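Residue numbers run from 1 in the order of the sequence given. Since we're looking at a predicted model, the values are computed, not measured.
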Amino acid sequence: MKLSAKAKHVQSTLRALGLDVQVVKLAESTRTAAEAASAVGCTIGQIVKSLVFRAGEGPVLVLASGINLVDEVRLAALVGTPIKRARADFVRRHTGYAIGGVAPVGHPRPIPTFVDEDLLQYEEVWAAAGGPFTVFACSPDFLATLGLVTCVKRAAD
């Protein structure tokens, strides 16, 4: 299947970063972690959720394991300013992608990034590649090069 312009941008960004992986287009949606895990045949924990938050006027990106919820209080402490969930227009403006397809790379400008330490337990993880039907697999070690690796998950209620 032919890749979209956004997916091609992700592919070229990954290659420029030295990662020899292939962006794949799937017939099934990968918009949610559960959909993505089903589509690629992995556990939900191996799905990288790219979540954008607003910290003041700027964005913060969290690359979280698909099974985790982000502890917004902990994230605000790490960032050093109050945060809130970003609206769709803010996400698109700062990442170049729509919610449900935000890739961890290829943004118009660098975004402070926090990587969920739980992703490091896997040999391979899957991330969005610019749209709701495109993904790529990589090692979590690659993700660790994109930002601060930390505990961002919310404690079990």
Trainee: Does V115 form a side chain to side chain contact (heavy atoms under 4.5 Å, CB included) with T150? I'd like the steps, not just the answer.
Mentor: CA-CA 6 Å; V115 180; T150 188; over 6 Å; no

Trainee: Tell me every residue that passes side chain to side chain donor-acceptor pair (under 3.5 Å) with T43, counting only those two or more places apart in sequence or in another chain.
Mentor: Q46

Trainee: Could you tabulate the donor-acceptor pairs under 3.5 Å formed by side-chain atoms of residues 96-110, not counting sequence neighbours?
Mentor:
{"residue": "Y97", "atom": "OH", "partner": "V105", "partner atom": "O", "Å": "3.0"}
{"residue": "Y97", "atom": "OH", "partner": "G106", "partner atom": "O", "Å": "3.4"}
{"residue": "H107", "atom": "NE2", "partner": "A103", "partner atom": "O", "Å": "2.8"}

Trainee: Per the salt bridge (charged side-chain N to carboxylate O under 4.0 Å, His left out) rule, what does the pair list look like for residues 81-94, sequence neighbours excluded?
Mentor: E72-R85, R87-D89

Trainee: Just list the side-chain donor-acceptor pairs under 3.5 Å for residues 135-147, sequence neighbours left out, or say none.
Mentor:
{"residue": "S139", "atom": "OG", "partner": "D141", "partner atom": "N", "Å": "3.2"}
{"residue": "S139", "atom": "OG", "partner": "F142", "partner atom": "N", "Å": "3.3"}
{"residue": "T145", "atom": "OG1", "partner": "F142", "partner atom": "O", "Å": "2.5"}

Trainee: Just verifying a value: how many Å separate I44 CD1 and I67 CD1, rounded to the nearest 0.5 Å?
Mentor: 8.5 Å

Trainee: What pairs with R54 under side chain to side chain donor-acceptor pair (under 3.5 Å), at least two apart in sequence or on another chain?
Mentor: E57

Trainee: Does a side-chain heavy-atom distance below 4.5 Å link I47 with S65?
Mentor: no

Trainee: I'd like to check the side chain to side chain donor-acceptor pair (under 3.5 Å) partners of S29; sequence neighbours left out, ordered by chain and number.
Mentor: E35

Trainee: Could you list the donor-acceptor pairs under 3.5 angstrom formed by side chains in residues 117-128, with sequence neighbours left out?
Mentor:
{"residue": "D118", "atom": "OD2", "partner": "N68", "partner atom": "ND2", "Å": "2.8"}
{"residue": "D118", "atom": "OD2", "partner": "K153", "partner atom": "NZ", "Å": "3.1"}
{"residue": "Q121", "atom": "NE2", "partner": "D118", "partner atom": "O", "Å": "2.9"}

Trainee: In chain order, what residues pass the ring pair (Phe, Tyr, Trp, His ring centres under 6.0 Å) check against H9, with sequence neighbours excluded?
Mentor: none

Trainee: Which residues, ordered by chain and number, are linked to V60 in its hydrophobic cluster, where ILVMFWY side chains connect at heavy-atom gaps below 4.5 Å, directly or through other members?
Mentor: L51, F53, V62, V70, L75, L78, V79, I83, F114, L148, V152

Trainee: Ignoring hydrogens and angles, write down the donor-acceptor pairs under 3.5 Å from the side chains of residues 14-24, residues two or more places apart or on other chains.
Mentor:
{"residue": "R15", "atom": "NH2", "partner": "V21", "partner atom": "O", "Å": "3.3"}
{"residue": "R15", "atom": "NH2", "partner": "Q22", "partner atom": "OE1", "Å": "3.2"}
{"residue": "Q22", "atom": "NE2", "partner": "Q11", "partner atom": "OE1", "Å": "3.2"}

Trainee: Assess whether side chain to side chain contact (heavy atoms under 4.5 Å, CB included) is satisfied between T134 and L3, documenting all intermediate values.
Mentor: CA-CA 8 Å; T134 53; L3 293 178; 4.2 Å; yes

Trainee: Tell me the ring-ring contact (aromatic ring centres under 6.0 Å, His included) pairs involving residues 20-45, sequence neighbours left out?
Mentor: none

Trainee: Taking atom CG of D116 and atom CG of L63, what is their separation to the nearest 0.5 Å?
Mentor: 9.0 Å

